[in-house]
Each structure stands twice: as C-alpha cells, then as structure tokens.
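Read the structure below first, then the notes.
As the structure is a computational prediction, the values presented were derived from the model and not from experiment.
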Amino acid sequence: MTDRAPQPVDRQLPTEESRDLLALVREIAQREIRPRAAEEEDSGRFPREVFTLLSEAGLLGLPYPGEYGGGEQPYEVYLQVLEELAAARLTVGLGVSVHSLACHGLGGYGTKEQQAAHLPAMLGGGLLGAYCLSEPAAGSDAASLTTKAVRDGDEWIITGTKAWITHGGVADFYTVLARTGVEGPKGITAFLVPGDATGLTAAVPEKKMGMKGSPTAQLHFDGVRVPDSRRIGEEGQGFSIALAALDAGRLGIAACAIGVAQAALDEALAYALDRKQFGHPIADFQGLRFMLADMATKIEAGRALYLAAARLRDAGKPFSRQAAMAKLFCTDAAMAVTTDAVQVLGGYGYTADFPVERLMREAKVLQIVEGTNQIQRMVIARHLAGPETR
C-alpha cells in the first residue's frame, strides 16, 4: 500500500446535513475499516463489530423512515455512503447494501403493525439482515424457485435450500422468498424469518476468489415454522416485492462498484507519482497518463449514472431501466479500472503487498451478484424493445 492518503471525492450533496454525514462516514472508514481490510480479508474474518458500530452511528437504516429508527436520507445520499464504505472495504459496503435490501420488503410492503414491531431493531438495533431469493437451481431464473411454504393454521412451514446468501449463517434475520402457490412468479410469497429459527441451518461458507471476509453460504430450511404475522405483503406478491427490492439493490451494487474502482485509481495514481523509472515518475509517461485518465473518466461516468438513477427514485419516478444500466456500466467499469490498476503497478500489482490485486478479485463478483450483467442487458432491452417474442 502506498503512503499517500486518498483524496476525498468532490461530491455534490443536497444539504449541509448530508455533507456532515459523508464526513462522518469517511472518518469511520479511514479509522475503523480501511487499516484492517487487507489482513482481515486475507484471513477470512467477518467484521461484525464494524456493522455494530455502523448501526450505533445510524448508518444501517439511512434510506428508511425516521419514525422506525431510519435516517430519512434520499438514495442520492445513501448510495454515496455505500461508495465510501466500499472504497474502504467491499465486505462492509456490500454488507450494508445487502442489509438494506433485506429490510426493503418490510419497509415497503409490511403493515404498520409489522413495521412498528420489527423495523426499529432492524434499522438501528444492532441486527444484521440477509436476503434469500437464489437457490442452487434458480439463479438468473429466480421465478423457478422451489423452496416451499405450506400453511398450517396460523403458521407457515418453510422447506428448501437457498444459495449464495450473503451473511448466510451470521444474519439475525432473513427476508425469504418461498413458493406458496402455482408455478412461476405469481406463486411466490415473502416472509421475515428470524436467524435463530428452529430448523434453519447454514452450510459451510463458499470458498471464494474475493470478498473472503464476507460469508456466502447455502441456507437449509427443514420445516422452519414462522407465524403468518411474519408474512410480508399478500400471498403471491413475493416476486413483485423481490423485483422492486432488486431495482433498489442494483443501485447499491453500482455505488459499491464505483467505490472499489475509486480505491483502485487512488492506489494506481499514488504509485505512479512515487515510482521512478528512467529518472522520472512513471506518471510522466504518456501511456500511463492516458490509462489513468481513462480510469478516472469511467469512474466519473459511473458515478453520474448511478446518481441520476437515484434521483429518479427519490422523485418517485420509474427507475428500473436506469438501475439496470447503472449496475451494468459501473460494475464493468470497476472490473476494467481494477485490472488497469494492477497493470499500472506492474509486478507489484500482482502481489498482496498492494491492495489492487484484491480489488480486482472483488470487482469480479459485482458483475455477477443481484442479476448478472447479461441479465441487466436483457432488462434494458425489454424496456427499449418490449418482451421477447420467441
């Protein structure tokens, strides 16, 4: 890692309160997250205490109503918080995004009684959430999920396996999508399941090429009973709830991707200014200067794209197409920028002595999670040309 501290991003924020909020986030990131990121990722350590700190600071419920302990911040601000956290450590930034995704169903579709009973603890009570949609045989084709929930009086019995669950095995609550009716999207219902529910177990976490500090695991539901009071929305409404959550979640992924890319650019620029060859800093050579310029341009373009989509959401306008575009562009940009950062550092970039190799490995997963970038292209094309006719 270079000795030069990264320069704060010049952000256009809507209020003085939001500027103070971003300053607080940067302080926490630089003091509590960034210094231990490389060591803890290498050892695969999940930083639960960081999420507790973020909860105490009011940073786990930023886009939710204040009456339930949320921060009442617009998405325009919340996403820039995610970017700062992801720049310090993707495990943390993405973890906050996943937690917000797990709260989305109850926050948007729960009854007032449900929200009053559960949201305060979820948003600011130290709890951590996870989102359970994917299955071993239902990834991109999420509507084909087979986990079942069968009504038994005033309870539901959930049986099946969920896969690729971020925070699997460490979360305090799970938003679970299960089949309660016919095949296809109309037979799916959402439930809020406690992390310590009887019959709920987690498999050994997956061994991943990056984000080793963030547990990703299968969850097994062996006759897990939940009361009907924990059903979110109407029976059969679950898939539309899931899609709405994913639209918002994709903006979180886009912001995290730009955070990772910004961290890689900061490292590459600092190295290029310090490293001398042929008697000059390598930043003097046009080939590298052009690489740095292209990296910075991709980052600025991605940031503008996700913020434009966020402002649509904040205004209550449709933003699904723009969310897909932001997720697609920002994650592809992160992969390109981190790869170029490794190249700028040359042989050192390929070693664990500098963070760019870790950032490149982490960027890859962002092109996959919450809808692969191929799925994003399908979403965008459907908005442009309508559904496929085949």
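- Side-chain atoms of T147 and E135 include a donor-acceptor pair closer than 3.5 Å.
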Open item on the list: Test side chain to side chain contact (heavy atoms under 4.5 Å, CB included) on E32 and L53; report intermediate values, then the result.
Closed with: CA-CA 9 Å; E32 303 292 341; L53 173 63; 3.7 Å; yes

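- Of the possible donor and acceptor atoms, one in the side chain of R179 sits under 3.5 Å from a partner among the backbone N and O of V182.
- Each side chain to side chain donor-acceptor pair (under 3.5 Å) pair with one or both residues in residues 284-300, not counting sequence neighbours, would appear here, but there are none.
- Here the side chains of K162 and S134 are not in contact, with every heavy-atom distance at 4.5 Å or above.
- Remark: side-chain polar atoms of R89 are not paired, donor with acceptor, to backbone N or O of A29 under 3.5 angstrom.
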Side-chain donor/acceptor pairs under 3.5 Å, residues 209-218, sequence neighbours excluded:
residue	atom	partner	partner atom	Å
T216	OG1	K208	NZ	3.3

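- A donor-acceptor pair shorter than 3.5 Å cannot be found between the side chains of S100 and S97.
- Ionic pairing of R34 and E267 is present here: one or more N-O contacts between side-chain nitrogen and carboxylate oxygen are shorter than 4.0 angstrom.
- Here ring pair (Phe, Tyr, Trp, His ring centres under 6.0 Å) pairs that include residues 276-330, with residues two or more places apart or in two chains, number zero.
- Under the 3.5 Å distance criterion, the side-chain polar atoms of T189 are matched with a main-chain donor or acceptor of G236.
- Using a 4.5 Å heavy-atom cutoff, the side chains of R36 and V50 are in contact.
- Remark: the E41 side chain and the T91 side chain contain an N/O donor-acceptor pair separated by less than 3.5 Å.
- A salt bridge does not link R45 with E39: none of the charged nitrogens is closer than 4.0 Å to a carboxylate oxygen.
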TODO: Go through the steps to decide whether L366 and L90 satisfy the test side chain to side chain contact (heavy atoms under 4.5 Å, CB included), and finish with yes or no.
DONE: CA-CA 10 Å; L366 299 175; L90 183 58; 4.2 Å; yes

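- Applying the salt bridge (charged side-chain N to carboxylate O under 4.0 Å, His left out) test to E234 and every residue at least two apart in sequence or in another chain returns nothing.
- Listed here is the closest heavy atom pair of V224 and V193: CG1-CG1, 4.1 Å.
- For R225, the salt bridge (charged side-chain N to carboxylate O under 4.0 Å, His left out) partners at least two apart in sequence or on another chain are D152, E155.
- Annotation: side chain of E67 is not in contact with side chain of E72 (no heavy-atom distance under 4.5 Å).
- At a threshold of 4.0 Å, the pair R26-E84 counts as salt-bridged, since one of the basic side-chain nitrogens sits closer than that to a carboxylate oxygen.
- Between F354 and Y271, the gap from one ring centroid to the other is short of 6.0 Å.
- Under the 4.5 Å side-chain heavy-atom criterion for ILVMFWY residues, no single connected hydrophobic cluster contains both I299 and V9.
- Evaluation of the salt bridge (charged side-chain N to carboxylate O under 4.0 Å, His left out) rule for R231 yields D228 as partners, not counting sequence neighbours.
- Within a 6.0 Å sphere centred on CD of Q343, heavy atoms belonging to other residues, nucleotides or ligands number 12 at most.
- Within the structure, ring pair (Phe, Tyr, Trp, His ring centres under 6.0 Å) pairs that include any residue of residues 70-111 comprise Y75-Y78, H99-F173 (at least two apart or interchain).
- There is a path of hydrophobic side-chain contacts, each under 4.5 Å, that joins L82 to V25.
- Evaluated for a side-chain contact (heavy atoms from CB on, under 4.5 Å) with M122, the options L128, L106, T175 yield exactly one hit, L106.
- Screening residues 321-331 for side chain to side chain donor-acceptor pair (under 3.5 Å) gives K327-N373, T331-N373 as the qualifying pairs, with residues at least two apart or on separate chains.
- Linking ILVMFWY side-chain heavy atoms closer than 4.5 Å, directly or via other members, places I241 and L101 in two distinct hydrophobic clusters.
- Between R377 and L328 there is a side-chain heavy-atom pair separated by less than 4.5 Å.
- In this structure, OG1 in T180 is found 11.0 Å from CD in Q237, a value given to the nearest 0.5 Å.
- The list of ring pair (Phe, Tyr, Trp, His ring centres under 6.0 Å) pairs with a residue in residues 42-66, not counting sequence neighbours, reads F46-F51, F46-H167, F51-H167.
- Residue M335 forms a side-chain contact (heavy atoms from CB on, under 4.5 Å) with just one option from D332, T339, V337, and that option is T339.
- A donor-acceptor pair is defined here as one N or O able to donate and one able to accept, closer than 3.5 Å; such a pair exists between the side chain of Q114 and the backbone of S229.
- The CG atom of L133 lies 6.0 Å from the CG atom of L246; values are rounded to the nearest 0.5 Å.
- Screening residues 211-264 for ring pair (Phe, Tyr, Trp, His ring centres under 6.0 Å), with sequence neighbours left out, gives no hits.
- Residues T201 and D222 have side chains not in contact (no heavy-atom distance under 4.5 Å, counting atoms from C-beta outward).
- Looking at E76 and R313, no side-chain N of the basic residue comes within less than 4.0 Å of a carboxylate O on the acidic one, giving no salt bridge.
- The ring pair (Phe, Tyr, Trp, His ring centres under 6.0 Å) check on F191 picks up W156, with sequence neighbours excluded.
- Between the CG atom of L307 and the CG atom of L312 there is a distance of 11.0 Å, given to the nearest 0.5 Å.
- Put simply, the side chain of L345 does not reach to within 4.5 Å of the side chain of T351, judged on heavy atoms.
- A pairwise comparison of heavy atoms in V344 and A272 identifies CG1-CB, 4.3 Å as the closest pair.
- In this structure, A310 and L79 approach most closely via the heavy-atom pair CB-CD1, 3.6 Å.
- A side-chain contact (heavy atoms from CB on, under 4.5 Å) with V96 holds for exactly one of L62, V81, L60; it is L60.
- No side-chain heavy atom of L243 sits less than 4.5 Å from a side-chain heavy atom of D247.
- Among all heavy-atom pairs drawn from A163 and P136, the shortest one is CB-N, 3.6 Å.
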Task: Audit row: C256, E83, side chain to side chain contact (heavy atoms under 4.5 Å, CB included) steps and yes/no - done: CA-CA 5 Å; C256 286; E83 183 189 327; over 6 Å; no

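- Proximity of V77 to L21: side-chain heavy atoms (C-beta onward) are separated by under 4.5 Å at one or more points.
- When all heavy atoms are compared, the tightest approach of R31 to P35 is O-CG, 3.8 Å.
- For the atom pair CE (M360) and NZ (K364), the distance works out to 10.5 Å, reported to the nearest 0.5 Å.
- Residues meeting the salt bridge (charged side-chain N to carboxylate O under 4.0 Å, His left out) test with R382, sequence neighbours left out: E388.
- Once rounded to the nearest 0.5 Å, the distance linking NZ of K276 with CG of D274 reads 9.0 Å.
- Of the inter-residue distances, the one linking C330 atom SG with R250 atom CZ reads 14.0 Å to the nearest 0.5 angstrom.
- Across all their heavy atoms, C132 and L219 have their closest contact at SG-CD1, 3.6 Å.
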